[in-house]
Structures are given as structure tokens and as C-alpha cells.
Asker: 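This is the structure I want to talk about, given as C-alpha cells.
The model shown is predicted, which means the values in this text are computed figures rather than measured ones.
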Amino acid sequence: MRAVLHTTFRSLQVRNYRLFAGGQLIKLIGVWMMFTAQDWLVLELSNNSPAALGLVTALQFVPVMLLTLYSGRLADRYDKRKLLIVANTVFAVTAVAFAIIVSAGIVQLWHVYLFAVLLGVANSVETPVRQAFVSELVELPLLPNALALSAATFNTARIGGPALAGVLLSLLSTRGVFLIATALAIAPVFTYLRMNTTELHGLERASRGDARVLDGLKYVGKRTDLLLPIALMAVVGMIGFNFPVTLAALAKINFHAGASSFGLLTTALAVGALGGALAGSARRARPGAYRVIGAALLFGVFEFAVGFAPNFVVAMVLLVPTGFFSIYLAQAANHRVQMGVAAEYRGRVMSLYVLVFLGSTPIGATLAGWWGEQYGVPSSIWMGGLISFLASVAALVWQLRASGDRLAFDLHPRPRVHLVEAAPASGPAASGPAATESAASEPAACGPAASEPAVVRIHVKPLPGKPVARV
């Protein structure tokens, strides 16, 4: 057990990373408390309108669409720690102003819309810079574990924040929750200030150059191994990851539940998500494309099932595996992108990833809110799961065609599916330009286990005489 814990939490041995993770955990608990209270406040101010809830979520992410790519340029050109201090300071000041208006009892729906945009501006800078900054906190062999623990920190907050908000909403009212959440949101400013800058692993600023956004886009365009997870997360992030809009409306409108019960639904989703994050914490190598696609397929299936849940308890149970595969997918896609990119492009590439993953939320949230108001909240959930599943199938077809791999079916002794990889090239052609380009598109994995690729065995029984793909 001690060895397992040491492997799972090994990045916490680095002081700078401990400060980073601690500050993020405290802040994110406050942020999730604030978002939970905000969702409930919007429903109260809008007479239970899913469309209003969708609009607030959309406005929160509009700045991500507009500013994220530029933020990635800043991350590759300037000191990430200083950028994070400024962004978190702006977020904290804005949250304080919002909490004062709510506490004074003068809040109106347009106030919520306005502060959703302002908080979104701070997040549009902070999120891509923070994603890229993790690689400067630890050495390269620890990067997969550090990324996994960052996801675990996020989902621990998703568990604690909504659950705590649900209890406090029934004890202290919405005003009290906003005040407590605001106090917690200030934490990262102090943790970033306490970091030892001499122990960071960033590039020398003189070598960063102009860091043009267009160069980053061209870099991704030449890398099919980066395009697949980014394209897949663009669809799933926009259509499938709309639980901030759908869960509050599902709890209050369909299940006639109170604020604390809504917190239980969000907590169930987050419990599964935490499990998914911890499941990837022992990863030492870059995940394969089929691991990402498989997680997306399973996420789509479970979200589809949630949309047909007959009651509150069944929905809560189904949200656990849905949460598991949602974060396992997001984490695997993040790892595949971040661990396959050159350091000088990391900020711009991660900003593109954040753009398609979170920046598409305004479109998806607005659609989910409108669809839920027109055809019912459950249908907006199962439709999101169905579209996510179909996008995963399309990604699987794309990957099979690009790689030359194929699926084979064996009916005896029982039905089984095998992934059969294309025969490797041999002879002089294997060392030509095509081989060089292929090698460049799949950078070596990080860490001690770089020579041992992460393996997902999709097969049970290999076909006679055929090699079986390991991804």
C-alpha cells in the first residue's frame, strides 16, 4: 500500500508542485461552491429557466473562445508564474465584487450575466497558462503523474465544492455560500508568490522568440497524432460536457429536488471523475490513440443512459461511471497532446486544446439549454451522449484508416473483437522520409518507462498469424 501511495502521489515530493496543488485545491473548492450557488441563483431569478442557465454558462466561456489562443502566445513568451498571479488576482477581485452584490440582496439576472463574462475573462488567461505551467513545476519523468494529480485535484474540488455548497445553501442561504467561496478563491495568489523560481524547469526567456499564434496552429496541422484528440474533444466538450447546465435543471425541474439533492447529483459525477483521475495517476508513458477513443465511447454510452434515468437514485448511480470516463477521457486526451508537443510550442498547443475543449462550451451550453426547454432536460442529456458516441466512432474510423490497422471479429468460442495492427514497414523504405515523418509525429514517451509503451489490450484472443496492436 505504501508503494502504491508513493507512486500515485510522487509529484507531491516537489515543493513547488505541492504549493501549486494546494492553492488550486482551495481555490477550486471555492469556485465549485460559487458555481453551484450561481446555478441555483439563476434558476430562482429566471423562474426555473434552463435557457437562462445555459446562457450564463455560455457567457462564462465566451472569453475562452476569444482570448485563449492569445493567452497561449503569452504563455510561450512570458513568465507563466507572473501571468498566473495577475490572472488569479483579477479573478479574486471580480469574485469579491460579485459576492458583495449578492450579499447586499440587490442582485438581478443581468448582474449574473455580467460577472459570468468578467470571471470568464480571468479564466481565459489562467487556464491555458496553468496547463502549460505544470511542465515547469516538475522534471519530465514526473509530468504524467503531475498532470494526473492536477486532474485529481480538480475533481476533488468538484466533490467537495458542490457537496459543501449544497449543505451551506440550506443553512446559510446563497449569500453565505458566495462569501465563503470568495474567501477560498484568493489562495493561489499566495501559493504562486511562495514558489522558488530557481527550481522551475521553463525555457530561457531569450529562447522563446516571438511565439506567434499562427506558428502554433501550423505545428498542430502537421501532427495527425495531435489533431485526433483535439478534434474529438472539440465535439465531446461542446456537446457532451454540459452537466453544469443539465444537472441543476434535471434536479429541480424533473426530480423536484432541493439544493442539497442537486449537490448530490454533482457529487456523484465528481466521485466518478476523481476515480478516473486517480486511475491515470500511475501513467508513465504517453497514452495511445485507442485509449482515448475507448474512453470516449464508454462516456457516450453512460451519458446516454443518464438521459433515460427513471428517478433521482438511478441518475445518481449512473453519474458515477459517467464521471469516471469523462475525466479519464479528458485526462488521456490532455496527456496525449501535452506529452507529444515540443516545449517551445506547449503554451500555444495547450491553448488550442483549451479552446476546443472549453471554448466550445458557449455553443454547447446554449444548445443544451434551448433543447432542454423545448424538448425536456433528459433529452438534452441523452442526445449529448449519442453525439459523443458517434463522434468517437468517427474518430475510431479515422484512426484505423490513418494507421492501416483493422478490426476483426471472431465468433468462436464466443464473439470477440480484435484490433489487428498493420504490418510494419521493412527494408529500405522503412528508413526513408515517410518513416522519419511517422517517427516525428509520435514523440518518445516521458519517464523511466519510455521504452515500455502504455498498453491497452482490446483483444482477448489473437488471430492466427497476425500481430495484435498494442496502444
Asker: Without swapping roles, check the side chain of Thr127 against the backbone of Ser124 for a donor-acceptor pair under 3.5 Å.
Answerer: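 Not a single qualifying donor-acceptor pair exists.
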Asker: Once salt bridge (Lys or Arg N to Asp or Glu O under 4.0 Å) is applied, do any residues pair with Arg130, and if so which ones, sequence neighbours excluded?
Answerer: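 So Arg130 forms a salt bridge (Lys or Arg N to Asp or Glu O under 4.0 Å) with Glu126.
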Asker: Check this for me: Phe255, atom CZ, are more than 12 non-hydrogen atoms of other residues, nucleotides or ligands nearer than 6.0 Å?
Answerer: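 Counting other residues, nucleotides and ligands, CZ of Phe255 exceeds 12 neighbours.
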Asker: Would you indicate whether the side-chain heavy atoms of Phe324 and Val271 approach each other to under 4.5 Å?
Answerer: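 Heavy-atom side-chain distance check fails, nothing below 4.5 Å.
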Asker: Side-chain contact, heavy-atom cut-off 4.5 Å: Phe302 with Val320?
Answerer: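 No. Closest side-chain heavy atoms not under 4.5 Å.
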Asker: How many angstroms lie between CE in Met316 and CG in Leu269, if you round to the nearest 0.5 Å?
Answerer: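 These two atoms lie 12.5 Å from each other.
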Asker: Please report the interatomic distance CE(Met195) to CZ(Arg81), rounded to the nearest 0.5 Å.
Answerer: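 Spacing of CE (Met195) from CZ (Arg81) equals 8.0 Å.
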Asker: Under the side chain to side chain contact (heavy atoms under 4.5 Å, CB included) test, which residues partner Ile293, sequence neighbours left out?
Answerer: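 Side chain to side chain contact (heavy atoms under 4.5 Å, CB included) list for Ile293, sorted by chain: Leu228, Leu297, Ala395, Leu396, Gln399.
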Asker: Would you check if Gln38 and Val56 make a side-chain contact, meaning some heavy-atom pair closer than 4.5 Å?
Answerer: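 Contact flag for Gln38/Val56 side chains = yes.
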Asker: What's the spacing between Leu119 CG and Leu59 CG if we round to 0.5 Å?
Answerer: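 Between Leu119 CG and Leu59 CG, I get 11.5 Å after rounding to 0.5 Å.
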Asker: Tell me, do Arg406 and Leu400 make a side-chain contact under 4.5 Å, heavy atoms counted?
Answerer: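 A side-chain contact is absent here, since even the closest heavy-atom pair is not under 4.5 Å.
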Asker: Quick one, Leu352 with Leu69, criterion side-chain contact (heavy atoms from CB on, under 4.5 Å). Give me CA distance, side-chain angles, the key distance, then yes/no.
Answerer: CA-CA 6 Å; Leu352 177 61; Leu69 288 179; 4.1 Å; yes
Asker: What are the two closest non-hydrogen atoms of Val337 and Val349, and how far apart are they?
Answerer: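 Result for this residue pair: CG1-CG1, 3.6 Å.
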Asker: Can you name the nearest heavy-atom pair linking Gly240 to Glu303, along with the distance?
Answerer: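 Closest approach of Gly240 to Glu303: O-OE2, 2.7 Å.
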Asker: Taking the side chain as every heavy atom from C-beta outward, state whether Leu329 and Phe325 have any atom pair closer than 4.5 Å.
Answerer: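 No, their side chains stay 4.5 Å or more apart.
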Asker: Answer yes or no: is there a side-chain heavy-atom contact under 4.5 Å between Leu247 and Leu319?
Answerer: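 Yes; the side chains approach each other to less than 4.5 Å.
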Asker: State, to 0.1 Å, how close Leu250 and Pro378 come at their nearest heavy-atom pair, and which atoms those are.
Answerer: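 Result for this residue pair: CD1-CG, 4.1 Å.
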Asker: By side-chain hydrogen bond (donor to acceptor under 3.5 Å, both in side chains), which residues pair with Asn88, not counting sequence neighbours?
Answerer: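 Scan of Asn88 (side-chain hydrogen bond (donor to acceptor under 3.5 Å, both in side chains), adjacent residues dropped) gives Lys27.
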Asker: Look up atom CZ in Arg336 and atom CE in Met233, then write down how far apart they are to the nearest 0.5 Å.
Answerer: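 Separation between the atoms: 14.0 Å.
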Asker: Rounded to the nearest 0.5 Å, how far apart are CG of Leu226 and OH of Tyr353?
Answerer: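 With rounding to 0.5 Å, CG (Leu226) is 12.0 Å from OH (Tyr353).
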Asker: Which atom names give the shortest non-hydrogen contact between Ser71 and Val129, and what distance separates them?
Answerer: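 Scanning both residues, the minimum pair turns out to be O-CG2, 4.0 Å.
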Asker: Tell me if a side-chain donor or acceptor on Arg223 pairs with a main-chain N or O of Gly340 at a distance below 3.5 Å.
Answerer: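 The answer is yes, because a donor-acceptor pair under 3.5 Å joins these two groups.
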Asker: Identify each donor-acceptor pair in which a side-chain atom of residues 380-394 lies under 3.5 Å from a protein atom, sequence neighbours left out, and give them as a table.
Answerer:
from: Ser380; atom 1: OG; to: Val377; atom 2: O; distance (Å): 2.6
from: Ser388; atom 1: OG; to: Gly384; atom 2: O; distance (Å): 2.8
from: Ser392; atom 1: OG; to: Ala296; atom 2: O; distance (Å): 3.4
from: Ser392; atom 1: OG; to: Ser388; atom 2: O; distance (Å): 2.8

Asker: Under a 4.5 Å cut-off applied to non-hydrogen side-chain atoms, are Tyr70 and Pro128 in contact?
Answerer: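 A side-chain contact is absent here, since even the closest heavy-atom pair is not under 4.5 Å.
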Asker: So do the side chains of Leu232 and Pro229 get within less than 4.5 Å of each other, counting heavy atoms only?
Answerer: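 Not in contact.
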Asker: Would you call the rings of Phe241 and Phe299 parallel, tilted or perpendicular, where under 30° means parallel and over 60° means perpendicular?
Answerer: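 The rings of Phe241 and Phe299 stand perpendicular, inter-plane angle above 60°.
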Asker: Return the CG to OG distance between Leu143 and Ser135, rounded to the nearest 0.5 Å.
Answerer: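 Between atom CG of Leu143 and atom OG of Ser135 there are 6.5 Å.
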Asker: Which atom pair, heavy atoms only, marks the closest approach of Ala87 to Val125?
Answerer: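 Closest approach of Ala87 to Val125, heavy atoms only: CB-CG1, 4.2 Å.
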Asker: Would you mind writing out the side-chain donor-acceptor pairs for residues 15-24 within the sub-3.5 Å range, not counting sequence neighbours?
Answerer:
from: Arg15; atom 1: NH1; to: Arg194; atom 2: O; distance (Å): 3.2
from: Arg15; atom 1: NH2; to: Arg194; atom 2: O; distance (Å): 3.4
from: Asn16; atom 1: OD1; to: Asn196; atom 2: N; distance (Å): 3.0
from: Asn16; atom 1: ND2; to: Asn196; atom 2: O; distance (Å): 3.0
from: Tyr17; atom 1: OH; to: Ala146; atom 2: O; distance (Å): 2.6
from: Tyr17; atom 1: OH; to: Ser150; atom 2: N; distance (Å): 3.2
from: Tyr17; atom 1: OH; to: Ser150; atom 2: OG; distance (Å): 3.1
from: Arg18; atom 1: NH1; to: Leu12; atom 2: O; distance (Å): 2.9
from: Arg18; atom 1: NH1; to: Gln13; atom 2: O; distance (Å): 3.2
from: Gln24; atom 1: NE2; to: Tyr192; atom 2: OH; distance (Å): 3.3

Asker: After noting the C-alpha distance and the side-chain angles of Asn334 and Met350, does the key distance pass the side-chain contact (heavy atoms from CB on, under 4.5 Å) rule?
Answerer: CA-CA 8 Å; Asn334 185 301; Met350 293 312 299; 3.7 Å; yes
Asker: If every non-hydrogen atom of Tyr328 is compared with every non-hydrogen atom of Ala295, which pair is closest and at what distance?
Answerer: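 So the minimum-distance heavy-atom pair works out to CD2-CB, 3.8 Å.
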Asker: Kindly say whether Ala75 contributes a backbone atom to a donor-acceptor pair with the side chain of Lys80 at under 3.5 angstrom?
Answerer: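 Confirmed, Lys80 side chain pairs with Ala75 backbone.
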Asker: If only side-chain N and O atoms count, and only distance matters, is there a donor-acceptor pair under 3.5 Å linking Arg348 with Tyr219?
Answerer: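 No, no side-chain donor-acceptor pair sits under 3.5 Å.
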Asker: Listed by chain and number, what are the side-chain hydrogen bond (donor to acceptor under 3.5 Å, both in side chains) partners of Trp371, not counting sequence neighbours?
Answerer: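 Scan of Trp371 (side-chain hydrogen bond (donor to acceptor under 3.5 Å, both in side chains), adjacent residues dropped) gives Ser379.
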